[in-house]
Amino acid sequence: MFRASVIQQTNLFIAPESTANVSELKPKEQECFSLLQKCKSMDEFKQAHARTIKLGLERDARAAHELITACALSAWGSMDYARLIFDQINDPLPFDFNTMMRGYIDDSDPITALLLYKEMQERGAKPDAFTYPPLLRGCALLSALREGTQIHGHVFKFGFESDLFTQNSLINMYGKRGQIEHSSKVFDQMRHRSVASWSALIAAYARLGFWDECLGLFGTMSSEGWRADESTLVNVLCSCGHLGALDLGRSTHGFLMKTIYGHNVIAETSLIDMYIKCGRLTKGLSLFESMPKKNIVTYSVMISGLAMHGEGRMALQLFSDMITEGIKPDNVVYVGVLSACSHAGLIDEGLQCFDRLRFEHRITPTIQHYGCMVDLLGRAGMLDQAHELIRSMPMEPNDVVWRCLLSACKVHNNLELAESTSRHLFQLDPHNGGDYVLLSNIYARSLRWDAVAKIWTDMVRRGAVQTPGFSMVEVRRKLHRFVSQDMSHPKSYEVYEMLHQIGWQLRFEGYCPDTSQVLFDVDEEEKKRLLYGHSQKLAIAFALISTSQGSPIRVVKNLRMCNDCHDVTKMISKIFKREISVRDRNRFHHFRDGRCSCGDYW
Ligand code: ZN
Ligand code: ZN
């Protein structure tokens with residue numbers, strides 16, 4: 001069992017250093033230790049071990065420890081061999097146990113490390129400050145929360161609850177298990193913190209997708225004078241991307257440049273991802289082109305980014321460049337490629353790629369790939385083919401796949417298929433309010449108000465919850481969030497005044513609201529009022545009154561854009577001479593001079 005690499009989180013854990021100070025040693029020991037320090041392979045190590053025995057040092061505790069350290073913690077080491085040496089020691093000292101446990105965890109064998117900890121307890125060796133950080137890391141690797149909590153108990157029992165490295169490891173372990181409240185509690189109780197403490201908590205928030213909290217914490221960290229490390233900045237960039245916080249993303253770019261040296265694939269890839277998700281595709285592309293070395297993740301980010309911006313042809317070109325460069329596509333890249341075809345309406349190309357995935361690159365299609373294909377066919381109006389594909393899937397179709405078909409039914413007004421599709425959906429996921437809304441939308445279009453009412457009753461009866469729609473817009477580095485019919489913003493009065501003004505101008509341009517989007521059987525005037533209050537329009541009105549004339553507006557929303565918001569945004573871009581980019585749940589829409597980059601295909 002040789003280790004290819006030793007994964008160390010050096011910022012979180014400190015290893016017990018070699019106990020040998022060569023100058024204080026007797027000549028025999030000195031010879032043996034300097035031999036060990038020079039070892040670069042197991043063969044050399046075995047020779048050094050043999051020499052140690054020859055020198056009569058096999059019962060020497062210090063020599064045994066040096067042997068274990070070299071064999072367990074070196075990249076070329078072997079845990080089986082280290083164990084043989086360890087078992088020869090009559091009374092292993094705590095640092096021998098610590099080294100072995102750390103070795104097992106570096107070797108991705110946390111179970112043996114935990115068993116050894118048990119043995120350590122049984123043999124009466126007292127844990128020290130170096131015992132818990134690797135063990136907690138092991139529990140995180142194992143997702144062993146029960147064991148992790150027990151070990152947390154031992155941390156208290158043996159008095160290491162104030163040890164910085166142990167605390168950082170606790171934040172990390174709970175964070176990796178998604179138990180953010182425990183991570184925060186440990187963090188809040190720390191008397192002294194290090195950059196790694198902040199980094200561990202920010203990573204924990206990022207893992208759960210709590211982007212606002214990530215940025216909030218980063219703000220506090222910076223205001224307290226801490227200098228963020230690379231991993232924190234990467235998580236911050238990821239948050240900026242998700243929230244569309246371009247200004248903050250840009251300044252994080254600046255920090256990152258001061259933190260990393262030379263080219264760094266992970267950092268550069270996260271920068272590309274941030275710029276693309278904040279609507280700056282060209283900036284993302286130029287960073288991509290300037291990278292001397294790209295890996296499959298970089299390609300994957302770029303291809304999905306092009307897909308999100310509706311640049312299907314460019315995504316396909318990049319995909320073929322990637323293959324020419326000798327990088328074998330994986331299933332994640334294919335998800336990007338297929339969704340690129342879907343967003344750009346490239347039906348034939350999409351079907352070809354689906355074949356290449358299976359027959360040329362011999363990847364077993366996942367449910368995500370099928371989802372993309374259903375989306376591709378559905379959007380193009382090929383509803384029967386999409387339905388047929390679902391029926392032919394080798395696995396049970398999930399709610400995501402059926403939802404793609406239901407959306408397509410809405411776009412192409414197919415009530416019959418929508419009804420049967422939603423039966424599958426309600427069975428699989430009866431609590432997703434969005435599905436009920438989608439179906440009632442389809443009924444509302446056909447003026448089937450009785451059916452709309454029934455759907456809403458079912459929705460309440462089954463306790464389904466609707467994800468509240470919101471739109472965010474960044475103005476002077478601050479994100480402003482609006483929900484539908486929002487009155488809570490301090491500038492609400494001015495926002496509604498602006499909307500009123502927009503309404504007048506739109507009427508002059510001959511705009512007629514698409515009231516079929518409104519789900520309630522209310523009169524036309526009320527429908528228009530409800531449409532005006534959509535979060536996207538509120539966010540755009542707010543940006544219009546808060547930014548200088550001609551400056552671009554960027555909105556990020558969590559749901560799909562409705563037809564009326566799409567129409568209105570096109571007209572606003574023309575009347576107010578603004579470039580407006582909106583990222584909805586699926587993709588980007590870049591509005592300019594009365595037109596949208598999606599060409600009304602979305
Ligand atoms: Zn809308
Ligand atoms: Zn569009």
Side-chain angles (χ1 to χ4, degrees), residues 244 276-277 279 281 305-312 339-340 342-346 375 379-380 407-408 410-411 433-434 437-438 440-442 444-445 466-473 481-487 495-496 498-500 502-503 506 511-520 522 524 526-544 552-576 578-602:
I276 293 174
K277 287 199 176 124
L281 180 64
L306 288 165
M308 212 194 270
H309 284 265
E311 299 289 351
S339 74
S342 165
H343 287 307
L346 303 170
D375 197 47
R379 272 170 204 270
S407 300
K410 186 195 158 210
V411 175
V437 173
L438 207 58
S440 61
N441 228 314
I442 301 171
R445 264 203 190 165
Q466 199 185 340
T467 315
F470 65 79
S471 295
M472 284 190 301
V473 64
R481 187 189 290 254
F482 293 88
V483 294
S484 194
Q485 323 299 330
D486 204 330
M487 299 292 279
V495 167
Y496 281 94
M498 186 66 202
L499 272 181
H500 190 67
I502 293 172
L506 290 179
Y511 157 73
C512 173
D514 182 359
T515 48
S516 68
Q517 306 286 319
V518 180
L519 294 172
F520 308 103
V522 288
E524 282 300 302
E526 178 61 7
K527 280 185 184 175
K528 284 178 199 163
R529 194 189 67 75
L530 288 172
L531 273 179
Y532 266 115
H534 279 191
S535 66
Q536 180 175 328
K537 296 182 183 104
L538 295 174
I540 293 175
F542 173 70
L544 284 172
I553 296 171
R554 292 182 317 274
V555 177
V556 169
K557 59 189 292 172
N558 63 335
L559 303 178
R560 191 177 177 275
M561 200 184 307
C562 80
N563 287 342
D564 190 66
C565 283
H566 198 262
D567 286 346
V568 168
T569 310
K570 278 201 279 190
M571 296 179 87
I572 294 178
S573 74
K574 190 175 172 199
I575 300 167
F576 293 86
R578 297 276 197 131
E579 275 180 35
I580 305 171
S581 65
V582 181
R583 189 181 88 199
D584 74 3
R585 196 184 55 202
N586 295 326
R587 59 166 295 156
F588 268 97
H589 297 261
H590 298 288
F591 298 92
R592 190 182 187 168
D593 203 23
R595 274 193 292 272
C596 179
S597 61
C598 74
D600 298 338
Y601 185 88
W602 89 95

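Counting starts at 1 for both ligands and their atoms, following the listed order.
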Does A541 have any side-chain contact (heavy atoms from CB on, under 4.5 Å) partners at least two apart in sequence or in another chain, and if so, which?
V495, M498, L499, I502
What is the distance from atom [atom1] of [X] to atom [atom2] of [Y], rounded to the nearest 0.5 Å?
X: H534; Y: S484; atom1: NE2; atom2: OG; result: 5.0 Å
X: M487; Y: L538; atom1: CE; atom2: CG; result: 9.5 Å
X: K574; Y: F591; atom1: NZ; atom2: CZ; result: 15.0 Å

Salt bridge (Lys or Arg N to Asp or Glu O under 4.0 Å) pairs touching residues 583-601, sequence neighbours excluded, are K570-D600, E579-R592
Specify which N/O/S atom of H534 comes nearest to the Zn ion (ligand 1), by atom name.
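Looking at H534, the N, O or S atom with the least distance to the Zn ion (ligand 1) is ND1.
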Tell me, which protein N/O/S atoms are under 2.8 Å away from the Zn ion (ligand 2)?
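Near the Zn ion (ligand 2), the protein supplies H566 NE2, H589 ND1, C596 SG, C598 SG.
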Using ring pair (Phe, Tyr, Trp, His ring centres under 6.0 Å) as the criterion, list what pairs up with H309, not counting sequence neighbours.
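Per chain and number, H309 pairs via ring pair (Phe, Tyr, Trp, His ring centres under 6.0 Å) with F588, H590.
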Nearest 10° is fine: what angle sits at the Zn ion (ligand 1) between SG from C562 and SG from C565?
120°
Going by distance alone, is a donor N or O of one side chain under 3.5 Å from an acceptor N or O of the other, for D564 and Y511?
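Note: D564 and Y511 side chains meet the donor-acceptor criterion.
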